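Take a look at the structure below.
Each residue takes its place number in the sequence, starting with 1. No hydrogens, no waters, no symmetry mates; every other heavy atom, side chains included, goes into these values. Read the numbers this way: they start at 1 and go in the same order the structure lists the ligands and their atoms. The shown structure was predicted, so the numbers you read here are calculated from the model rather than taken from an experiment.
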Amino acid sequence: MIDKSVRELSEDLHARRISSEELTRHFLSRIERLDPRLNSFITVCEERALAEAREADIRLAEGRAGPLTGIPYAHKDIFCTEGVKTSCASRMLDNFVAPYDATVTEKLKQAGAVMLGKTNMDEFAMGSSNETSFYGPVRNPWDTERVPGGSSGGSAAAVAARLTPLATGTDTGGSIRQPAALTGITGIKPTYGRVSRWGMIAFASSLDQGGAMAPSAEDAAFLLGAMAGFDPRDSTSVDRPVDDYLARLEDDIAGLKIGLPKEYFTEDLDAGMAKVLEEALAVLRGLGAEVREISLPHAHLAVPAYYVVAPAECSSNLSRYDGVRFGYRCENPRDLEDMYKRSRGEGFGAEVKRRIMIGTYALSAGYYDAYYLKAQQVRRLIADDFRQAFEEVDVILGPTTPGPAFRLGEKLDDPVTMYLSDIYTIAVNLAGLPGLSAPAGFIDGLPVGMQLVGNYFEEARLLNVAHRYQQETDWHRRRPPEFD
Ligand code: GLN
């Protein structure tokens with residue numbers, strides 16, 4: 001059952017060869033048996049999932065079902081879920097039960113998908129290794145001494161170990177694509193504005209975007225199709241019809257123009273990674289794609305610009321956690337100021353505090369122009385680089401990460417090295433473009449991914465190219481051997 005695609009599972013459900021309840025029980029029992037080794041879930045919603053499954057079975061029996069009806073999924077614990085703890089992996093929200101559903105949660109409910117539980121993540125989505133979670137690190141199923149990537153590391157590990165067929169993620173600087181790459185699954189971050197941020201706990205509002213994580217591009221297309229769409233409650237949501245991602249999967253890619261940024265393919269590129277990408281390009285050429293060099297001259301400025309913009313926005317977004325209205329409150333405060341200080345001091349972890357301090361500094365009078373404004377200007381240059389590139393090519397291909405998964409603890413004491421894990425993904429968020437990571441091979445037994453970047457609202461094309469590639473390769477079918 002765990003090797004079946006979402007399409008196959010959906011066909012089985014519609015043909016009543018299997019019930020959603022059976023399917024849900026199967027994945028719940030895998031979570032119970034295998035997740036103690038991964039720590040990929042913060043909350044498992046057994047009873048609720050079974051109730052949703054029974055409801056889905058009724059819809060299936062009555063012919064009121066859609067493609068995702070009865071299919072289980074795991075939800076990153078950053079999306080509000082009515083009646084279910086929504087912690088963002090922070091002590092600050094450890095006691096928070098959301099009083100409402102995020103738009104994405106609502107949409108998945110309407111589609112009839114079955115929520116198995118809420119997945120572990122870096123605290124407030126700040127991190128690249130899932131080690132900043134209040135609930136402890138997530139482990140990579142390919143080697144449990146290694147990180148799964150972050151911040152959507154719980155979702156990635158859960159999908160990779162097939163504890164769930166699908167999972168949601170969010171990506172502010174790479175948090176869907178990087179963990180997807182490091183766990184050997186497919187992850188897509190759509191264009192900024194394609195998936196509603198309403199009810200998705202904010203980190204850096206101009207960069208945050210929800211997306212889909214799954215073994216294959218086809219599976220991801222099922223999930224993204226249900227998540228995407230205009231939402232009047234999110235002022236940055238874009239009012240434009242959602243493409244039929246599934247209908248476009250099989251499109252011919254003969255004549256597709258693939259751009260390789262010369263800034264990525266230098267001698268600094270890991271030799272193993274270079275070989276993996278070369279092989280991937282050979283497959284795509286075999287399908288008729290044409291490859292040419294392009295340039296993203298400001299690529300090297302993406303990480304520094306991001307580490308001004310993202311902390312600046314987070315320092316503002318996280319000011320709402322003050323111990324007054326919801327979330328953690330310190331015990332026996334002496335006075336109001338003591339309550340603010342200790343609630344925030346005790347409720348937030350070290351990485352979150354570091355970001356708040358950097359952001360507050362960058363936004364303070366006298367430094368605003370030098371840092372924040374400058375970073376916004378750089379952001380524009382980065383977006384312009386992409387704009388020019390897309391005049392020549394249809395998609396841009398590169399590595400998703402500098403290399404395979406690193407060891408737990410390896411980068412924890414060195415934030416700058418940690419920040420460089422996202423060197424290939426961050427520019428895409430700064431420009432607001434869609435990006436996808438697909439499994440493309442292994443280095444020393446560990447999975448790595450290739451990243452495809454498309455022009456605005458070209459999600460369908462990214463899924464199409466990845467799907468055609470996956471019809472020729474089987475990287476996305478490989479599973480970590482110890483998680484049968
Ligand atoms: N690793 C990056 C950070 O820590 C990106 C995180 C994300 O995309 N949420 O900011």
Side-chain angles (χ1 to χ4, degrees), residues 76-79 88-90 119-133 137-138 147-156 167-183 187-192 195 197 200-213 302-318 348-359 362 375 379 400-402 405-406 410-412 414-437 449 451 453:
K76 185 176 181 180
D77 207 18
I78 194 169
F79 288 98
C88 236
S90 180
T119 55
N120 205 345
M121 52 181 285
D122 280 296
E123 185 179 6
F124 283 104
M126 298 173 199
S128 306
S129 66
N130 228 291
E131 294 170 291
T132 71
S133 168
V138 176
V147 305
S151 65
S152 312
S155 289
T168 60
T170 63
D171 191 311
T172 302
S175 280
I176 287 176
R177 292 160 286 156
Q178 187 253 17
L182 301 191
T183 57
I188 179 163
K189 173 205 101 72
T191 308
Y192 183 78
V195 167
R197 291 183 299 106
M200 192 178 104
I201 295 173
F203 161 13
S205 307
S206 76
L207 301 160
D208 298 342
Q209 187 59 201
M213 306 175 82
V303 172
Y306 173 89
Y307 279 98
V308 173
V309 173
E313 293 184 16
C314 105
S315 71
S316 163
N317 274 325
L318 270 59
F348 289 136
E351 182 61 27
V352 172
K353 287 180 193 164
R354 181 179 298 129
R355 306 275 179 116
I356 292 174
M357 285 192 290
I358 296 171
R379 188 172 182 178
T400 307
T401 62
F406 41 93
E410 190 178 320
K411 299 191 180 181
L412 214 47
D414 186 355
V416 174
T417 312
M418 184 74 90
Y419 296 169
L420 290 173
S421 317
D422 298 318
I423 192 159
Y424 299 113
T425 49
I426 273 179
V428 177
N429 299 74
L430 289 169
L433 292 163
L436 176 151
S437 178
Q451 178 175 229
V453 181

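For ligand 1, the 4.0 Å heavy-atom shell takes in A125, M126, G127, S128, S151, D171, T172, G173, G174, S175, F203, Y306, Y307, R355, D422, ordered by chain and residue number.
Closest approach of P148 to V138, counting heavy atoms only: CD-O, 3.1 Å. Y306 and L207 get closest at one heavy-atom pair: CE1-CD1, 3.7 Å.
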Pair K76, T170 - check side chain to side chain donor-acceptor pair (under 3.5 Å), show working.
CA-CA 8 Å; K76 185 176 181 180; T170 63; 2.8 Å; yes

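Taking the side chain to side chain donor-acceptor pair (under 3.5 Å) definition, one finds that N120 meets it with S133, sequence neighbours left out. For D122, the side chain to side chain donor-acceptor pair (under 3.5 Å) test picks out T132, with sequence neighbours left out.
Sorted pairs that involve residues 419-433 and meet salt bridge (charged side-chain N to carboxylate O under 4.0 Å, His left out), not counting sequence neighbours, are lacking altogether.
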